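Structure first, commentary second.
Bear in mind the structure is a predicted one, so any value in this text is a computation, not a measurement.
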Amino acid sequence: MKVIGLRENYEIERKPRFDFFNLLNVAILQVSRQYALGIKMKDIVRWGIVGAGGIARRRTIPAINEISNASIQAVMDTNTNGMIDLMKEYDIPDVYGNIDDMLRNADIDAVYIASPVLFHKEQAIKILEAGKHLLIEKPLGIHASAAKEIMECAKTKNVCAGVAMVMRFHDGHQKIKEMIGHKDLGEIVSCRGQLTCWFPPMEGNWRQNPAISGGGALMDMGIHCIDLMKYLMDDRAEKTVGIIENKSFSYPVEDSASFMLKMKKGATCYIDAYFNIPDQAAKCFLEIYGTKGSIIANGTIGQDGCGDIKVYIEQEDKGYESSQVRNKQAEAVNMEFEQVNMYAKQLSEFSECILTGKEPRTTMEDAYDTMKIIDAVYESAKEERVIYLYN
């Protein structure tokens with residue numbers, strides 16, 4: 001095992017005996033798993049992780065250990081606290097303190113970026129220039145202009161490049177998408193997405209610093225709802241209007257964002273993203289209304305792949321009822337879906353895209369389009385007017 005470029009830019013070589021047997025044990029475990037699943041070594045994508053805290057530590061690194069077509073070759077983080085413990089816990093061969101050292105590692109096939117948003121552009125372009133495949137956490141860039149630079153660079157490289165938008169991998173969301181595509185709800189006229197949490201002031205937290213994060217509740221949480229609406233309806237936004245404010249906290253990013261999107265196919269989407277609603281009070285609803293029925297999901301917009309989904313379908317065509325009596329509504333049907341580790345599913349599918357040349361589920365172009373929407377919502381709130389995205 002090697003620890004390179006940490007804190008004082010030195011290299012630690014462990015004693016040969018320990019190093020040899022530890023690596024041998026890791027190799028045996030990996031080969032045993034692959035053999036049991038009928039997988040060859042060439043069918044394994046070897047990942048480097050940039051930004052080993054936060055979502056990478058909680059979700060991504062454990063998820064890679066669950067899947068059969070990927071392994072972790074290295075992690076890189078400028079904050080070295082706990083890095084040795086991390087490499088021991090997950091049998092990670094190499095740890096780095098800077099990205100340039102990591103990219104010189106020929107054993108790394110692909111890199112996943114989970115660093116603060118400010119650093120996405122520089123890191124992503126370095127990775128692409130090094131010829132590595134790239135999966136980058138949302139948002140793609142701190143502004144749409146930065147996202148565009150990454151996208152344009154990726155176009156010139158013969159690599160697989162995509163963006164981690166994990167809500168697309170919820171099994172229930174996939175079934176909703178299929179129902180919408182099959183016109184089971186008729187024409188979609190209205191949608192609502194909500195993602196909230198309790199995020200009080202925290203000294204030194206980069207998400208509360210706009211120079212590093214790019215924004216608050218909209219940039220961190222509203223982006224999931226924007227992407228999910230686009231994905232479910234296979235649509236894009238034409239115009240938007242929004243309200244961005246601080247209702248509860250005094251940090252320099254917004255704690256509250258409410259906005260509307262008018263979609264090209266005609267639906268109107270209402271999205272709420274808040275940092276000031278207690279987690280136990282948050283229901284994170286997803287509502288889809290069409291001319292033949294509706295879908296109401298509770299708790300599916302989140303990190304756990306769970307929740308409850310109810311489907312209401314009108315069984316017969318009816319004329320206008322002036323009384324608008326609703327005590328005989330369509331009977332709710334509970335949608336059955338598999339609760340899966342969305343992060344593992346996302347990483348497994350992206351690794352398969354690398355191995356087969358398939359296009360990733362969230363392309364750079366799609367993520368750049370989402371960043372244009374986010375910039376437009378901020379502009380709308382600042383200028384108090386509707387912003388048209390495409391002329």
Side-chain angles (χ1 to χ4, degrees), residues 1-5 23 26-35 37-52 55-57 59-77 83 86-87 90-115 120 122-137 140 150-151 153-164 166 169 343-364 367:
M1 287 189 176
K2 293 182 180 178
V3 184
I4 300 174
L23 288 176
V26 173
I28 291 172
L29 286 171
Q30 289 180 342
V31 171
S32 296
R33 181 180 64 168
Q34 295 153 13
Y35 180 79
L37 295 168
I39 296 167
K40 300 176 183 178
M41 284 299 291
K42 66 179 181 181
D43 295 326
I44 299 294
V45 176
R46 300 164 299 178
W47 284 90
I49 309 294
V50 173
I55 197 69
R57 183 72 180 255
R59 299 287 186 175
T60 305
I61 292 173
I64 290 178
N65 270 17
E66 290 185 18
I67 61 180
S68 61
N69 59 354
S71 63
I72 303 175
Q73 180 66 35
V75 293
M76 172 265 156
D77 202 303
M83 292 286 279
L86 182 68
M87 67 191 298
Y90 291 102
D91 294 321
I92 300 171
D94 303 311
V95 172
Y96 297 91
N98 69 77
I99 192 169
D100 295 315
D101 286 336
M102 189 184 80
L103 292 177
R104 282 191 285 268
N105 188 336
D107 291 331
I108 294 173
D109 304 310
V111 180
Y112 163 81
I113 294 179
S115 57
H120 281 192
E122 179 183 1
Q123 292 173 341
I125 290 175
K126 282 187 175 183
I127 291 162
L128 293 167
E129 293 289 352
K132 310 288 188 184
H133 304 286
L134 171 65
L135 178 64
I136 184 170
E137 267 296 337
L140 177 54
I150 299 170
M151 177 187 71
C153 181
K155 287 180 180 179
T156 67
K157 308 301 177 185
N158 186 28
V159 297
C160 183
V163 181
V166 74
F169 292 87
Y343 295 86
K345 188 174 181 180
Q346 176 177 248
L347 286 156
S348 178
E349 181 176 293
F350 194 85
S351 296
E352 188 64 22
C353 289
I354 292 171
L355 295 169
T356 64
K358 176 183 172 184
E359 183 176 80
R361 191 172 298 203
T362 307
T363 64
M364 290 283 175

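- Between N65 and Y90 there is a side-chain heavy-atom pair separated by less than 4.5 Å.
- In this structure the side chain of M76 never reaches within 4.5 angstrom of the side chain of V111, judged on heavy atoms.
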Problem set entry | I49 and I64: CA distance, side-chain angles, deciding distance, side-chain contact (heavy atoms from CB on, under 4.5 Å) verdict | CA-CA 11 Å; I49 309 294; I64 290 178; 3.9 Å; yes

Exercise. Given the rule in the side chain to side chain donor-acceptor pair (under 3.5 Å) test, do D77 and Y96 qualify, once you have shown the distances and angles that lead to the verdict?
Worked result: CA-CA 7 Å; D77 202 303; Y96 297 91; over 6 Å; no

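- Residues passing the side chain to side chain donor-acceptor pair (under 3.5 Å) test with Y112 are T60, E137, sequence neighbours excluded.
- Under the 4.5 Å side-chain criterion, counting only non-hydrogen atoms from C-beta, L103 is in contact with I127.
- Between atom CD of residue E352 and atom CG of residue D43 there is a gap of 8.0 Å, rounded to the nearest 0.5 Å.
- Within the model, atoms SG of C353 and CD of E359 stand 8.5 Å from one another, a figure rounded to the nearest 0.5 Å.
- The environment of K155 atom NZ is dense: over 12 non-hydrogen atoms of other residues, nucleotides or ligands sit within 6.0 angstrom.
- With a 4.5 Å cut-off on side-chain heavy atoms, L140 and M364 count as touching.
- With hydrogens and angles disregarded, no donor-acceptor distance shorter than 3.5 Å links the side chain of S348 to the backbone of A344.
- With sequence neighbours excluded, the residues forming a side chain to side chain donor-acceptor pair (under 3.5 Å) with D109 are R46, listed by chain and number.
- Heavy atoms from other residues, nucleotides or ligands lying under 6.0 Å from CG of D107 number more than 12.
- By the salt bridge (Lys or Arg N to Asp or Glu O under 4.0 Å) test, K126 is found to be paired with D100, E122, residues two or more places apart in sequence or in another chain being considered.
- The shortest distance between side-chain heavy atoms of I136 and Q123 does not fall below 4.5 Å.
- Put simply, the side chain of N69 does not reach to within 4.5 Å of the side chain of V45, judged on heavy atoms.
- Between E349 and R361, at least one side-chain nitrogen of the basic residue sits less than 4.0 Å from a carboxylate oxygen of the acidic one, meeting the salt-bridge criterion.
- For the pair K132 and V159, the minimum side-chain heavy-atom distance is 4.5 Å or more.
- Looking at L135 and W47, their side chains come closer than 4.5 Å, going by heavy atoms from C-beta outward.
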